[in-house]
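Down below is the structure, laid out as C-alpha cells.
By convention here, the first residue in the shown sequence is residue 1. Please read all numbers here as calculations on a predicted model, not as lab measurements.
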Amino acid sequence: MSGKQPAPVLQTDPRAGYLSHQAEIDAAIRRVLESGWYIQGQELESFEQAFAAYLGVRHAIGAGNGTDALELALRACGAGPGDLVFTVSHTAVATVAAIELAGATPVLVDVDPVTYTMDPESLMRALAHPPAGTPKAVIPVHLYGQPADLPAILELTRSRGLTVIEDCAQAHGASLSGRMVGTWGDLAAFSFYPTKNLGAMGDGGMVVTDDAGLAERLRLLRQYGWRERYVSDIPGGNSRLDELQAAILKVKLPHLDRENESRRALARTYTAHLADAGLTLPEERPDATHVFHQYAVCLPRRDELRAGLRQAGIGTLVHYPVPVHMQPAYQGRLPPVVPLPQTERIARRILSLPLYPQLREEQCQRVCREILGFLGARENA
C-alpha cells in the first residue's frame, strides 16, 4: 500500500447526498415545519403520486421503512400463518424478517452465480418439494441494483397462482426490457434508508401496485385499519412515512436518474481498471439497467484485501457475510429445502467497494490502484 495517506474514501456517504441538494432539502424541511402538519398530509400524498408516476404504476403507499413495506405487502395479499413465502438466503435479513412478521414461513432458495439474484431453477425445485404449508408468494430481491430474472420467475409463479412481491430496496430506477422493476409483480416494496439510491434522512418505505383493491387494503393496514379516524374496519398497525421524509424524498426523486448514471459511470471505471485483477466483477443482466447500489466483487482472499484497503484509508462493506439460513436466529429453524451452494460460496467472497453518486472519479481510480497494488504484492510474496 502507499506511504503517506490521503483523505479516507468512504464506502458510502449519505451526508454527501444531503450537501448536493442542501438548499432544496432545507427549504422543504422548513416548509413542513412551518406547516404544522407532520403525519399523513399533503407532502406524503404529493410524493406518493410523484413516485407512482416515476415508476409507471397506479398506486404508491408510504410506509415507515422498507421492512414494514414488505410486511404490509404480504399482509395485503393475505399471507399469514401456514403460508409459505419463497425468497433468497443471500439478502438483507429484513426480507426474511418481514415474512415472519407477517406470520408466514420463509422458504429459502439459491441465487444465480453471476447476478447474485434468485435462481429460477432453485425456485422451481423448491416449489416442487415445499415444506409443510401452503405456497403463497415469492419475493425476488433485486440485489445490489441488479434486476432479478423476472420473466422466468413470473413464468413459474403465474401457473401456480402465487403472488409476486418484488423487493426493490436496492434497485430504485433499475429496469429490465425497458420496464421499471417494481412494475412486474403484483406488489413491490421499496426502502428509503439513507444509503439507498433514493434515500431519506431517516427511515422510510413504500409499497407500489397497480391493483386498486390491494392499494386500499394497504392504506388500511398501515394506519390501524382506519377509513374513518378512530374506527378500525380491519386490524391494522402503524407504519407511516412522515411528512418530513416525504418532502425530502420528493426533492431527491428528480435527481435519481442522473445519480444512478453517476453510479453506472463509476462502475464502468471499476470494471475497466480491475478487468485483469483476478476478481469476479459484476455483470449486467442482458437487456437490463443495473443501478449499482453496490459494486460488489468476489475473491477468495476477501478479508485480506478488506484489511489492506482499511489500512490505506479505503472503506468497504460485506453485503452479506452470513447467509440468512446460517445465522444464529434462523440456523436449524429454517433448514433449506434445496441446496444453497452459490449463496454459501458468495458469502465467503463478496466485497462491496466504495460507491455513491458523489464519489469522485479520482477517488475511484485510487481505490483501483490500491487494489491492484495489494493483489500484485500478495501474488509476488
Side-chain angles (χ1 to χ4, degrees), residues 1-26 29 92 144-145 170 172-173 191-202 248 251-252 255-282 290-299 301-321 349-381:
M1 290 292 177
S2 55
K4 185 178 178 181
Q5 298 299 325
V9 178
L10 302 177
Q11 198 277 329
T12 190
D13 187 3
R15 181 174 180 270
Y18 162 62
L19 293 175
S20 64
H21 309 298
Q22 183 174 5
E24 289 179 275
I25 290 173
D26 287 354
I29 291 172
Y144 307 145
Q170 300 185 3
H172 313 70
S191 167
F192 301 124
Y193 187 79
T195 58
K196 304 300 187 186
N197 291 44
L198 181 61
M201 296 175 67
I248 292 165
V251 166
K252 297 178 78 173
H255 304 284
L256 176 59
D257 287 344
R258 176 180 56 79
E259 292 186 348
N260 279 343
E261 185 49 45
S262 295
R263 290 174 179 270
R264 288 173 55 80
L266 290 164
R268 289 192 291 270
T269 296
Y270 276 133
T271 298
H273 284 78
L274 300 176
D276 299 320
L279 307 171
T280 301
L281 304 180
H290 190 321
V291 293
F292 288 97
H293 174 63
Q294 303 294 340
Y295 189 91
V297 301
C298 270
L299 71 159
R301 295 182 298 178
R302 183 264 314 282
D303 294 336
E304 293 178 36
L305 175 59
R306 190 178 186 205
L309 291 173
R310 185 185 303 115
Q311 289 183 351
I314 293 172
T316 59
L317 286 172
V318 177
H319 299 94
Y320 296 93
R349 297 175 174 227
I350 203 78
L351 184 66
S352 297
L353 302 183
L355 187 64
Y356 51 94
Q358 296 78 27
L359 185 73
R360 300 190 306 276
E361 175 76 12
E362 58 266 29
Q363 290 176 302
C364 185
Q365 292 178 6
R366 177 187 157 203
V367 175
C368 295
R369 288 194 301 272
E370 295 288 356
I371 291 172
L372 293 169
F374 179 86
L375 294 178
R378 288 295 180 275
E379 187 174 313
N380 295 326

| 4.5 Å side-chain heavy-atom contact, Thr316 and Val367 | no
Donor-acceptor under 3.5 Å (Arg306 side chain, Leu351 main chain): no
The reported gap from CG in Leu305 to CZ in Phe374 (rounded to nearest 0.5 angstrom) is 5.5 Å
* To do: Could you check if a side-chain atom of Gln358 sits within less than 4.5 angstrom of a side-chain atom of Glu259, using non-hydrogen atoms only?
  => yes
query: Any side-chain heavy atom of Phe292 sitting closer than 4.5 Å to one from Asn197?
result: no
Taking the side chain as everything from C-beta on, heavy atoms only, tell me whether Gln294 gets closer than 4.5 Å to Leu317. no
Next on the checklist: side chain to side chain contact (heavy atoms under 4.5 Å, CB included), that's the test. Do Thr271 and Arg268 meet it? Break it down for me.
Outcome noted: CA-CA 5 Å; Thr271 298; Arg268 289 192 291 270; 5.6 Å; no
When you measure from the side chain of Lys252 to the backbone of Gly199, do you find a donor-acceptor pair of N or O atoms at a distance under 3.5 Å? yes
Margin query: Taking Glu261 first and then Arg264, would you say they form a salt bridge - that is, a charged N and a carboxylate O separated by under 4.0 Å?
Written below: yes
CG of Leu279 to CG of Leu353, rounded to nearest 0.5 Å, is 8.0 Å
Say whether, by atom type as modelled, one donor and one acceptor occur between the side chain of Gln170 and the main chain of Lys196 under 3.5 angstrom. no
I'd like to know whether Ile25 forms a side chain to side chain contact (heavy atoms under 4.5 Å, CB included) with Tyr18, so could you lay out the CA-CA distance, the side-chain angles of the two residues, the decisive distance to 0.1 Å, and finally the verdict.
CA-CA 7 Å; Ile25 290 173; Tyr18 162 62; 3.9 Å; yes
Next on the checklist: Is there a side-chain contact between Val297 and Ile371 in this structure, where contact means two heavy atoms from C-beta onward sitting under 4.5 Å apart?
Outcome noted: no
Rounded to the nearest 0.5 angstrom, the CD-OG distance for Glu361 and Ser262 is 10.5 Å
When every non-hydrogen atom of Pro194 is compared with those of Pro14, the smallest separation belongs to O-CB, 3.8 Å
>> Can you tell me how the ring of His172 sits relative to the ring of Phe192, calling it parallel under 30°, perpendicular over 60° and tilted otherwise?
In response: tilted
Practice prompt. Apply side chain to side chain contact (heavy atoms under 4.5 Å, CB included) to Leu256 and Val291, showing your working.
Written response: CA-CA 10 Å; Leu256 176 59; Val291 293; over 6 Å; no
Inset, instruction - List the steps and the verdict of side chain to side chain contact (heavy atoms under 4.5 Å, CB included) for Arg366 and Ile314. - result: CA-CA 9 Å; Arg366 177 187 157 203; Ile314 293 172; 4.1 Å; yes
The reported gap from NE2 in His255 to CG in Leu198 (rounded to nearest 0.5 angstrom) is 11.0 Å
Mind checking whether Leu266 and Tyr295 have side chains closer than 4.5 Å, heavy atoms only?
no
Quick one, Ile350 and His319 - any side-chain contact, counting heavy atoms below 4.5 Å? no
Legend entry - Pairwise side-chain contact, Gln363 with Pro354, heavy-atom cut-off 4.5 Å (strictly under): no
Separation between CG (Leu375) and CZ (Arg301), nearest 0.5 Å, reads 6.5 Å
